[in-house]
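Throughout, a chain's letter reflects where its sequence line sits, starting with A, and its residues are numbered from 1.
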Number of protein chains: 2
Amino acid sequence: MLLLCTSLSTLVGSCVGFEPKTNMRAITNPSSLIHHHPPSVACAVLRSLRHRLPLFAPSFVKVKAQSASTSYAELDDTRAGRSGSLASPPSQLDVTKKIDVNPPKGTRDFPPEEMRLRNWLFQNFREVSQLYGFEEVDFPVLESEALFIRKAGEEIRDQLYCFEDRGNRRVALRPELTPSLARLVIQKGKSVALPLKWFAIGQCWRYERMTRGRRREHYQWNMDIIGVPNVTAEAELISSIVTFFKRIGITASDVGFKVSSRKVLQEVLRRYSIPENLFGRVCVIIDKLEKIPIDDIKKELRNAELSEEAVEELLQILSVKSLTKLEEKLGASVEALADLKQLFSLAEKYGYSDWIQFDASIVRGLAYYTGIVFEGFDREGKLRAICGGGRYDRLLSTFGGDDIPACGFGFGDAVIIELLKERGLLPEVSPQIENIVCSLDQDLQGAASLVAARLRDKGQSVDLVLESKPLKWVFKRAAKINAQRLILVGMSEWEKGMVGVKILSSGEQYEIKVDDLE
Amino acid sequence: MLLLCTSLSTLVGSCVGFEPKTNMRAITNPSSLIHHHPPSVACAVLRSLRHRLPLFAPSFVKVKAQSASTSYAELDDTRAGRSGSLASPPSQLDVTKKIDVNPPKGTRDFPPEEMRLRNWLFQNFREVSQLYGFEEVDFPVLESEALFIRKAGEEIRDQLYCFEDRGNRRVALRPELTPSLARLVIQKGKSVALPLKWFAIGQCWRYERMTRGRRREHYQWNMDIIGVPNVTAEAELISSIVTFFKRIGITASDVGFKVSSRKVLQEVLRRYSIPENLFGRVCVIIDKLEKIPIDDIKKELRNAELSEEAVEELLQILSVKSLTKLEEKLGASVEALADLKQLFSLAEKYGYSDWIQFDASIVRGLAYYTGIVFEGFDREGKLRAICGGGRYDRLLSTFGGDDIPACGFGFGDAVIIELLKERGLLPEVSPQIENIVCSLDQDLQGAASLVAARLRDKGQSVDLVLESKPLKWVFKRAAKINAQRLILVGMSEWEKGMVGVKILSSGEQYEIKVDDLE
């Protein structure tokens, strides 16, 4: 229960990462309780909740299981935790009891085997981004909370991992990368030449119930194009994701992209004279289609002051799955249609037509999208959205900057790993160390260091055995790290300036002068 | 004042990053005021401080300068900030005023030029680690606070960036990586074969005064060897740092390593019958030598209940700069001496003798070191320690695990960049995109996409021009991204299945069939 899943490679079924640039199903989210009450009330609510809900149980289970004495965690709870006090460190305490050896609830360690997989994934993100001429950027994982506070009830905003720092500033662990990117674009102002093509791979956080094994952090790959108003930008972004999929062995029969435009919705709202400032809110409601019952959707839409008729018309439009049908409904002149037609035409040139399909029900869960929106989905329908993105031409002005047309996508590290595992496509990522160097005599440890140094000078990776170990141990170690060669430094050879070499794949053995080692 | 330095490449002089695995000079650190008082007092102290010290001024300076109306930041301060309430998000507010476009105080954005430099640095960290057969690992940036609470007044602990989360748990942004590594080692238990050779590159945080431009986050490269009791491990670690320095153009005349052993101090304390539990505290005091006046050092040592005589003897020993002299003082049989002699002997075999020197005053600022300690220093004496590390054989038992011999080092991303800049060794890290593809006619945008897709299929990176732009603009863009080739898609060529190519370095121009593009 503590942490259902710490492993990238054991994700399937149990552990579902949170989705990039989208809303998630948080029907019963206790954290949402605290948003609309003054802090003292929120504090009391949390205090009462922690006695009822498993998610608020102390994570120091190991300590509790081991002894009945007061653990550090409990001490801490009594001292400052429940008083809702300023975040300051406790006075010095003696911590000699066993700490919780797990990472904080909902977060992951990356031991070597997980890290190799993560590096493999990130390397593919990077190489594809560079193939498309994008430059890498990064931002602080801790940002001012103000950057993420938006109107509309987005799940991403409700699950903000926020704090008050020791300087009484409201800060948050970023739930997504786009607001930081927008901030940096405003900061750079006219000093950068448009268009910007930027990518980032960063950890994002949310504070959420842990009941379904969903995590509180994930890594997200983002690609954004700033300064291009045309759907050529969206077409380029989708192309890059397709390239990524192909590289890792995923085909158009595994995944597809559902594509729509928020301008479709906008057109419907315009026809029913619904005020423009309701747009974001309506989108966030619509995004819950297929996640909550249709009657709840209708109710929420009526609460947003849409007429019965507008709600029905909206839902009808959202069921449309072809551009021809959409044209019948809305007429040929609407902007949405021109954009979508151009996108599908470009897709043909790029060669990814078979990956994309129009689906009016796609709106995505972030309030800031304004045009084309898309999401990558698993054709077997088992997994949540793999990635998602769209155009956000007006995000910069919500931060007080001048608007610049922009679009981008987010692609998390969780669902894709599930998909690869489902399809048997997870790569073998073994450690790869070229040599293992070992002295056969304790007095030759220095000699072994010398040999290792020579090899490394020549660019060869070396695992140097740092203690006297039996040969059996050395062979086991060599196998574990996939070493290609074993270099043995023995007294009689060393006196001749030689070492013994064993090629581990073939078993071939020979002696060689140290200087001749390559 | 807001952020003295956001730029890796403009660090010199103004911005000094925080030092890995060490204490820093925090003589007047307001945050230390709050450690030894109950939260309410701490809160009041902070509240009064924020009206006096510039470091507590709101960071939303831009908003204040622009208008006299209440900014979001001010609203927030009034609402929850000063009441020291539970960290919960504010209710929905309208944020249309200009946000602060800077990253939070003391943190950095990485726009492309900074990110290229960071990637270059990290790539060197990675390649050297792999040359030495180390495997990469990572841990959550947010950890349970308990992991970092230790006895002894380490600066790193006093500057803990800690919070209370929405589940009332005490959490902290990690100030260093070693405790997380120790936690993971305990968690893995007997499932991993020793020795472990692990490296990590991670962001670390501290909450500190910003007066001298010191930052609140930095990235740190760590290499650790778990399971080797012999100084062969320390010798290997120092060798890897030397290899790193050489790779990036730093020589033994630029930097050196000061090496000592905490067993020297331990021996002195033993002789004066000073209880072992004072050891860590004494080390932390000694680490301030050359940072605060000697009389303050003496006073702190006497406060730690060392006799006048012990203090004098200690300070005398600490001034020793040669092993011969040390042997004279302590006798040949002390363990420290044997370790150090072996280390210097191994250094000779590795070939880095000219990089290291014995200096008894080196103790490092972290409480957990038990044996050899070392730090990399700039021979011109201008910069703070570049890196540092040592043996920590008893850290695991402070977390309730079984002890395993261990040693490691931390190497920050700030001082090294300063040093490289001082020596004129900062690399040129320009963007490198092989092709720029541009259509000469709006109707050929799809054709240009097709050409870009073909090139990318062949592994060529392409910046595709996504809008109709004049050729002059295209050439400027090509120069900016260092493109090697310009591919022009014009109507007359396209009709023949051809495109125009211009080699940008030579000016050479020709037409080629699209399928023949390599």
Side-chain angles (χ1 to χ4, degrees), chain A residues 31 34 36 39 42-43 56 72 76 80-81 84-89 91 95 97-99 101 103 107 109-110 112 115 130-131 133 135-140 144 146 160 162-164 166-168 170 183-184 186-187 207 228 232-233 346 349-350 399-400 433 446 449-450 453 456 461 463 466, chain B residues 34 36 39 42-43 56 72 76 80-81 84-89 91 97-99 101 103-104 107 109-110 112 115 130-131 133 135-140 144 146 149 160 162-164 166-168 170 183-184 186-187 207 228 232-233 346 349-350 399-400 433 446 449-450 453 456 461 463 466:
Chain A
S31 69
I34 66 177
H36 310 294
C43 186
F56 288 104
Y72 172 67
D76 183 39
S85 68
L86 180 75
S88 66
S91 52
V95 192
K97 298 209 183 60
K98 189 161 183 177
I99 55 147
V101 295
T107 70
D109 287 321
F110 290 89
M115 195 67 193
Q130 284 156 359
L131 220 42
E135 295 192 280
E136 191 168 1
V137 293
D138 196 12
F139 324 97
S144 167
L160 204 55
C162 51
F163 305 98
E164 189 162 295
R166 286 156 74 177
N168 281 46
R170 300 287 313 170
R183 178 179 59 63
L184 183 56
I186 299 172
Q187 183 202 115
Y207 196 88
V228 177
T232 49
L346 284 169
K349 300 289 182 181
Y350 276 105
F399 293 149
I433 300 167
S449 301
L450 185 151
R456 289 163 180 158
S461 57
D463 181 38
L466 298 166
Chain B
I34 66 176
H36 311 295
C43 186
F56 287 104
Y72 172 66
D76 185 37
S85 68
L86 180 78
S88 66
S91 52
K97 297 207 185 59
K98 188 163 185 177
I99 54 147
V101 294
T107 70
D109 286 322
F110 290 89
M115 195 66 192
Q130 284 156 359
L131 218 44
E135 295 193 280
E136 190 167 2
V137 294
D138 196 12
F139 323 97
S144 167
I149 303 294
L160 204 54
C162 52
F163 305 98
E164 190 162 294
R166 286 157 72 175
N168 281 45
R170 299 286 314 169
R183 178 179 60 62
L184 183 55
I186 299 171
Q187 184 202 115
Y207 196 87
V228 177
T232 48
L346 285 168
K349 301 289 182 183
Y350 275 105
F399 292 149
I433 300 167
S449 302
L450 184 152
R456 288 163 181 160
S461 57
D463 181 39
L466 298 165

Check your understanding: Which one, Pro140(A), Gly133(A), Gly446(A), leads in non-hydrogen pairs under 4.5 Å with chain B?
Key ->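 Most pairs with chain B among the choices: Pro140(A).
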
Check your understanding: Nearest heavy-atom pair of Phe139(B) and Arg183(B): which atoms, and what distance?
Key -> CB-NH2, 4.4 Å

Exercise for review: Looking only at non-hydrogen atoms, find the nearest pair between Phe399(A) and Ile186(A) and report the distance.
Suggested key: CB-CD1, 3.6 Å

Check your understanding: Side chain, backbone, both or neither: which part of Leu450(B) has a heavy atom under 4.5 Å from chain A?
Key ->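 Both backbone and side chain.
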
**Study point:** Within-4.5 Å side-chain heavy-atom neighbours: Val137(A) and Asp109(B)
**Key:** no

**Study point:** Under 4.5 Å from a heavy atom of chain B, the part of Glu136(A) involved
**Key:**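 Both parts, heavy atoms under 4.5 Å.
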
Revision key, fill the gap. Rounding to 0.5 Å, atoms NZ (Lys349(A)) and OG1 (Thr232(A)) come to a distance of 15.0 Å

